[in-house]
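Accompanying notes for the structure given below.
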Amino acid sequence: MKKTFFYTTILLFFVALGLAQENKEVILENSNFTEENDFEVPGAVVFTGDVRVLHNGIKIRCNKAYYFKEEKYLKAFGNVQINQGDTIFMNSRYAEYDAKIEYAFATGDVSMRSPESTLVTDTIYFDKKNQQAFYNSFGTIQNKENTLKSKSGRYYIDQKKYKFTTAVTLTNPQSVIKTNNLDFYEGPGHAYVFGPSTITSKGNVIYTENGFYDTKNDVGKLSKNSKITYDNKIIEGDNLFFDQKKNYSRGINNVKITDTINKVIATGHYAELYRNVETKKDSMVLTKKALIKTLVEKDTMYMHGKKIIVSGPPTDRVIRASNNVRFYKTDMSGKCDSLHSSTKNQLTQLIGKPVLWNGDNQMTGDVMHLIGNNQTEKLDSLKVLNNAFIIQKDTLSKNGFNQMKGQNLYGRFEDNKLREVDIIKNAESIYYIWTEKNEFVGIRKAVSSRINMEMKDNQMETVTGYTNTESNIYPEEEFPENARKLRGFLWRGEERILTKDDIFPAEELALDEKVQIEAKKKAIENEIPMEIQKDALENNATKPKVKNKAKTAVKTVKPAKK
């Protein structure tokens, strides 16, 4: 039996067929035409024309609706609008709403708006009780300058947060983020990525498996398997921070910076990098077990200082190291208080109690200059200024030392080995003389204005004095022990750096233990839910200790009726 009613104006119409007492009643605010047709739509009231329905803070508006009284279930057709206060506004061609569980889905050119963003997709599910909306049919979100695309996503209304889990791309004028797991807070524009992710911007590419990115201020923090690549440089570390606007990066713990063009690797537990995009005069500061490794003639030069600064373009790069500087190469090692090196003029200055070992030769003085050759990329010459002293342990005698000293020393290298030495002004020497059959001849002591020494295989071969030379050869028994060392003699053989591991003093090696402790704490943090990790990542807060893995409850919702 068909009953038809026409209402010109309906102010309030109550449909009070609620089966669950905890739910408020479904209220029909307006309908131009209402009918019941049990044959065509069994158990439903049909509303047509400017339909407006209210339920527990939800407003539904459409051209036509079926309301199933027993089930408290509504199907809406044509220009459907669903909104919740000033938080959610949703438009679609079709929607369904279950008033019992306060659950809806909308499909057909769906657009969901919040005060901060707009989501466009094919189908959206809305769980009012849990204040969540989600989709599984590829969606695009526009949030100010940010555009987010993903295969699926969930929106947490109270937190104003989107959570994406598949094929996510976030694009803004500064960068592009690609990941499979991203949380995005639409108010502040904060993005958190988990799992393999890339952030690509002008001039650099960032990879991380756990990171935070502020899309408004263009800054970020990375904390797992992270690296930043720009201008043929790769920055890695346990914790990385970057500020794109300031062209600034910072790394903490197990930092590694690789310069593929200049064949340089820098490591340490703290590093800062500054980029100058216009002039290319980048700079880098390293501390906490700082180390610079440079490839030289198929060999590696290792250099350590408590603080190392590298600045300038490749053709005019300057390295400054200070406080207990040490360096090592298979054929050379040394120590000094501070070091200054320039690629432009191939000059390296060792300042403050410098000592240099080349083969078996120990050289000291007030200031030391090592001069390279830009064409051959080999060590060319050496200058030791003021109080120059060269000592070589005599290999055949028991406690003998070959020595030369003077005001200044000038040396020449061949194939990175010391070949010739000139001692200038107030030159003195003591050296042991042996025959080709290793028979001892005597100990020669000489004084002159200048001494020239030629070497072969790092051993003294000939010693020649020039101008005002006084020279004597003494039998060993006639030359007392206390006279066999020149004034100012100081053998520092126990300090000699024999391996690359010797360049670190004990206090710097102790930093590794501290970093390992932090790494263990970080392993515990991996058991912490992502929500807590995100707070700590953004605020550098101390994370709580967790003994067991936290489990996130997932609510199973009732499927929408068709």
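Keep in mind that the numbers below use all heavy atoms, side chains included, and drop hydrogens, waters and symmetry copies.
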Quiz item: Do Thr364 and Arg492 have side chains that get closer than 4.5 Å, going by heavy atoms?
Solution: yes
Quiz item: Hey, does Gln349 have a side-chain heavy atom less than 4.5 Å from the side chain of Cys336?
Solution: no
Exercise. Look at the side chain of Gln244 and the backbone N and O of Lys202, then say whether any donor-acceptor pair between them is shorter than 3.5 Å.
Key: no
Quiz item: Phe212 vs His190 aromatic rings, parallel, tilted or perpendicular, using cut-offs 30° and 60°?
Solution: perpendicular
Quiz item: Is there any salt bridge (Lys or Arg N to Asp or Glu O under 4.0 Å) pair reaching into residues 305-320, and which pairs are they, with sequence neighbours excluded?
Solution: none
Quiz item: Thinking salt bridges, do Asp331 and Lys417 make one under a 4.0 Å N-O criterion?
Solution: no
Quiz prompt | By side-chain hydrogen bond (donor to acceptor under 3.5 Å, both in side chains) - contacts of Thr165 (at least two apart) | solution = Ser152
Quiz item: Just checking, is any N or O donor in the side chain of Asn253 or Tyr270 under 3.5 Å from an acceptor N or O on the other one?
Solution: no
Exercise. Would you please say whether a donor-acceptor pair under 3.5 Å links the side chains of Glu186 and Tyr162?
Key: no
Quiz prompt | Spacing of Leu170 atom CG and Ile177 atom CD1 [to the nearest 0.5 Å] | solution = 4.5 Å
Practice problem: Using a strict 4.0 Å threshold on nitrogen-to-oxygen distance, state whether Glu495 and Lys335 make a salt bridge. | Solution: yes
Quiz item: Is the number of heavy atoms from other residues, nucleotides or ligands under 6.0 Å of Lys393 NZ greater than 12?
Solution: yes
Quiz item: What are the two closest heavy atoms between Met363 and Met368, and how far apart are they?
Solution: O-CE, 3.4 Å
Practice problem: Measure the CD1-CD distance between Ile157 and Gln84 for me, rounded to the nearest 0.5 Å. | Solution: 5.0 Å
Quiz prompt | Asn180 (side chain) donor-acceptor with Ala167 (main chain) under 3.5 angstrom | solution = yes
Quiz item: Counting N and O atoms only, with roles assigned by atom type, does the side chain of Arg326 sit under 3.5 Å from a partner on the main chain of Asp502, one being a donor and the other an acceptor?
Solution: yes
Quiz prompt | Gln174 and Lys245, any side-chain heavy atoms less than 4.5 Å apart | solution = no
Quiz prompt | Distance (rounded to the nearest 0.5 Å) between Ile351 CD1 and Asp366 CG | solution = 11.5 Å
Quiz item: What distance do Lys329 atom NZ and Leu379 atom CG have between them, rounded to the nearest 0.5 Å?
Solution: 7.5 Å
Practice problem: Look only at the side chain of Asn345 and the backbone of Leu347, and say whether a donor-acceptor pair between them is shorter than 3.5 Å. | Solution: yes
Quiz item: Hey, mind stepping through Thr229 and Tyr207 against side-chain contact (heavy atoms from CB on, under 4.5 Å) and telling me if it holds?
Solution: CA-CA 8 Å; Thr229 304; Tyr207 174 87; over 6 Å; no
Quiz item: Between Val384 and Tyr410, is any pair of side-chain heavy atoms under 4.5 Å apart?
Solution: no
Quiz prompt | Worked check of side-chain contact (heavy atoms from CB on, under 4.5 Å) between Lys128 and Ile101 | solution = CA-CA 8 Å; Lys128 180 183 178 298; Ile101 61 173; over 6 Å; no
Practice problem: Indicate the atoms forming the closest heavy-atom contact of Gly153 with Phe164, along with that distance. | Solution: CA-CD2, 4.0 Å
Self-check item: Pairing residues for Tyr135 by the side-chain hydrogen bond (donor to acceptor under 3.5 Å, both in side chains) criterion, not counting sequence neighbours
Solution: Ser150
Exercise. Grab the two heavy atoms, one from Phe194 and one from Thr179, that are nearest each other, plus how far apart they are.
Key: O-OG1, 3.8 Å
Quiz item: Hey, mind stepping through Ile88 and Ile82 against side-chain contact (heavy atoms from CB on, under 4.5 Å) and telling me if it holds?
Solution: CA-CA 8 Å; Ile88 290 294; Ile82 301 175; over 6 Å; no
Self-check item: Polar side chain donor-acceptor pair, Thr215 to Asn172, under 3.5 angstrom
Solution: no
Quiz prompt | Contact summary for Leu385 and His369, nearest pair of heavy atoms | solution = CD1-CE1, 4.2 Å
Self-check item: Neighbour count above 12 (heavy atom, 6.0 Å) for Glu513 CD
Solution: no
Quiz prompt | side-chain hydrogen bond (donor to acceptor under 3.5 Å, both in side chains) assessment of Tyr213 paired with Ser175 | solution = CA-CA 10 Å; Tyr213 179 52; Ser175 60; 2.9 Å; yes
Quiz item: If we only count heavy atoms from C-beta on, is the His269 to Asp512 side-chain gap below 4.5 Å?
Solution: yes
Exercise. Would you name the heavy atoms of Arg275 and Asp282 that are closest together and state the gap between them?
Key: CA-OD1, 3.4 Å
Exercise. Applying side-chain contact (heavy atoms from CB on, under 4.5 Å), run through Val310 and Asp259 and close with a yes or a no.
Key: CA-CA 12 Å; Val310 183; Asp259 186 337; over 6 Å; no
Practice problem: Enter the distance from Phe413:CZ to Leu370:CG here, rounded to the nearest 0.5 Å. | Solution: 6.0 Å
Quiz item: Does the side chain of Val355 come within less than 4.5 Å of Trp357's, by heavy atoms?
Solution: yes
Exercise. Report yes or no: do Ser341 and Thr348 form a side-chain donor-acceptor pair below 3.5 Å?
Key: yes
Exercise. Examine distances only and state if a side-chain atom of Thr118 and a backbone atom of Gln142 form a donor-acceptor pair shorter than 3.5 Å.
Key: no
Quiz item: Given Ser226 and Thr208, is the side-chain hydrogen bond (donor to acceptor under 3.5 Å, both in side chains) satisfied, shown in steps?
Solution: CA-CA 4 Å; Ser226 306; Thr208 186; 2.7 Å; yes
Quiz prompt | Short N-O contact, Asp337 and Lys353, less than 4.0 angstrom | solution = no
Quiz item: Under 6.0 Å from the six-membered ring centre of Tyr156 and within 45° of its axis: does the NZ or CZ of Lys161 meet both?
Solution: yes
Practice problem: Keeping the roles fixed (side chain from Thr121, backbone from Phe138), state whether a donor-acceptor pair exists under 3.5 Å. | Solution: yes
Exercise. Answer with yes or no whether the side chains of Thr123 and Thr107 bring together a donor and an acceptor at under 3.5 Å.
Key: yes
Quiz item: If you measure from CG on Asn254 to CG on Asp238, what distance do you get to the nearest 0.5 Å?
Solution: 4.5 Å
Self-check item: Heavy-atom closest contact (Arg93 atom, Val80 atom, distance)
Solution: O-CG2, 3.6 Å
Quiz item: Do Ile265 and Lys256 have side chains that get closer than 4.5 Å, going by heavy atoms?
Solution: yes
Practice problem: Measure from the side-chain N and O atoms of Ser223 to the backbone N and O of Asn210, and report whether any donor-acceptor pair falls under 3.5 Å. | Solution: yes
Quiz item: Does the side chain of Phe184 reach to within under 4.5 Å of the side chain of Ser117, using non-hydrogen atoms?
Solution: no
Quiz item: Do Arg113 and Asn83 have side-chain N/O donor and acceptor atoms under 3.5 Å apart?
Solution: no
